[in-house]
Number of protein chains: 2
Amino acid sequence: MAARETDPKERLLDEAEALFAENGYHAVSVREITAAAGCNLAAINYHFGNKRNLYLEVFRTRWLARARVIQERVYETLQNKKEITPPALIRALAEAFLFGPMSEKDRLRHVQLMQREVIQPTEAFEMVMDEVMKPFLGALGERIRPYLPAGTDQERLMLNALSIISLILYFNFGRESVKRITGRAYDQAFREELIRHIVRFTTTGLGLGAGENAS
Amino acid sequence: MAARETDPKERLLDEAEALFAENGYHAVSVREITAAAGCNLAAINYHFGNKRNLYLEVFRTRWLARARVIQERVYETLQNKKEITPPALIRALAEAFLFGPMSEKDRLRHVQLMQREVIQPTEAFEMVMDEVMKPFLGALGERIRPYLPAGTDQERLMLNALSIISLILYFNFGRESVKRITGRAYDQAFREELIRHIVRFTTTGLGLGAGENAS
DNA sequence: GAACGTTTGATACGAATGTTTGTATCAAAC
DNA sequence: GTTTGATACAAACATTCGTATCAAACGTTC
């Protein structure tokens, strides 16, 4: 069984994801991708049919898989707690995105790729929404529902969940903006400050008092 | 003085902005732009030198101007109040983005264009940061500082300001996501609900109790 | 009405684009 | 030993890209 390093098809997916995330679909040529993957120009057509299909395959085989890893990481962090409070949940979420099990570059790629779809949805957007965002936001909502006022309806719940996610995402993909405004680099210390801020802001935003009672 | 409708140079800027916002820089050709503007292919070269310069000129003459209109709108809304509380400020801000003096399409374009720069900064990003974001976030911070604990440092202030902005922006450019999750269309009623949510979430997020004491 | 800056029209160019083709390679199956 | 099927390759495909050129037509201003 060929490893990911040696299989040209796998290399193509990896390099394509990196380039698509960094420069966007149209700014990347199939020649760039095949050159980066160290294989022939025709390989994309052979393995994926065309460029567009390669892009979608990146989402199917790479992006979705990574999203599941992130989610597992969140649940892993939480599973040995008796009670999962919103601050603990949000912290686990923010940590998964700002630290997490993958490399820094992988995490950045992941968010960049999705953010491009959010701005300009294509076929991949459906995939991301149906397979990841909807169930994830649903689960997130159900976890925090017990801590909200009794009569909170589903729509209000989703707006709260979306707000939490938007903050976490913004402090990821908007790094350049955040760096300019705060004058800080995204080192370990700053990331931890960011997480503290996100947890505090969103927890109190939910109307739950400034509790950071979980590490 | 030729109106915007008749002047080819102005039409080029308008159509270019619309196309760049919707499809991104690389996905738009100069032929598309000149065709949409109803003028000759050579016009771009004559007026702007090249495509890249046209893009930057869109930011210089259109985007920045619009950003100033939005800011003025915010201050206009606030000027006849004796005390500008954070909820009133945030509401004015959110309203300017979700309703505002321009057309729905113009507002969408504005945020889309900026969002693309946030994800993948180019020369225009510097412009946006230096001329709009930095001073605006600074002013926003100073307005809410009196309501925060006395010892709040500048960095914490900026993180709070960024969080407010991120929420407002997300509920704009992330329309497709929000629509999918909530099942609501972006009609008048939903927009007003969104504003109420943003004001409440961010106001309490700042640690100011759930005050919505300003219309 | 002459001069000027502007706009159009048609055309050309080299470079880059996504895609296709025909052939070579090589291990597995027969 | 031959056939098969999957993979890889260089070369070429037609198209589109951004840019450039240049003469003719336009509208405005001296």
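Both backbone and side-chain heavy atoms feed into the values below; hydrogens, waters and symmetry mates do not.
When the side-chain nitrogen and oxygen atoms of B/S29 are compared with OP1 and OP2 of D/dT16, none of them lie within a distance under 4.0 Å. One finds no side-chain N or O of B/H26 lying less than 4.0 angstrom from the OP1 or OP2 phosphate oxygen of D/dC17. When the side-chain nitrogen and oxygen atoms of B/Y46 are compared with OP1 and OP2 of C/dT6, one or more of them lie within a distance under 4.0 Å.
When rounded to the nearest whole Å, the span between CD1 of A/I44 and C1' of C/dT19 equals 11 Å. The distance between atom NZ of B/K9 and atom C1' of C/dG5, rounded to the nearest whole Å, is 12 Å. B/Y25 has its OH atom 7 Å from the P atom of D/dG18, to the nearest Å.
Checking D/dT19, C/dT7, D/dA11 against every side-chain atom of B/P8, the shortest atom distance belongs to C/dT7. Counting only heavy atoms from C-beta on, A/C39 has its side chain closest to D/dC9 among D/dC9, C/dG18, C/dT8. Of the candidate nucleotides C/dG9, C/dT11, D/dA12, C/dG9 has the atom lying nearest to any side-chain atom of B/A42.
Side-chain atoms of B/N40 come within donor-acceptor range of the base of C/dG9, with a qualifying N/O pair under 3.5 Å.
In this model, no donor atom of one side chain and acceptor atom of the other lie less than 3.5 Å apart for A/T77 and A/E95.
Comparing A/G38 and B/N45, the nucleotide of DNA chain D nearest to each residue sits closer to the 5' end for A/G38.
Base pairing analysis places C/dC30 opposite D/dG1; the two distances defining the Watson-Crick or G-U wobble pair are each below 3.5 Å.
Using a 4.0 Å cut-off between charged nitrogen and carboxylate oxygen, A/R109 and A/E104 do not count as a salt-bridge pair.
Ring planes of A/H197 and A/F201: tilted class, angle from 30 to 60°. Under the 30°/60° scheme for interplanar angles, the aromatic rings of B/F20 and B/Y25 are found to lie parallel.
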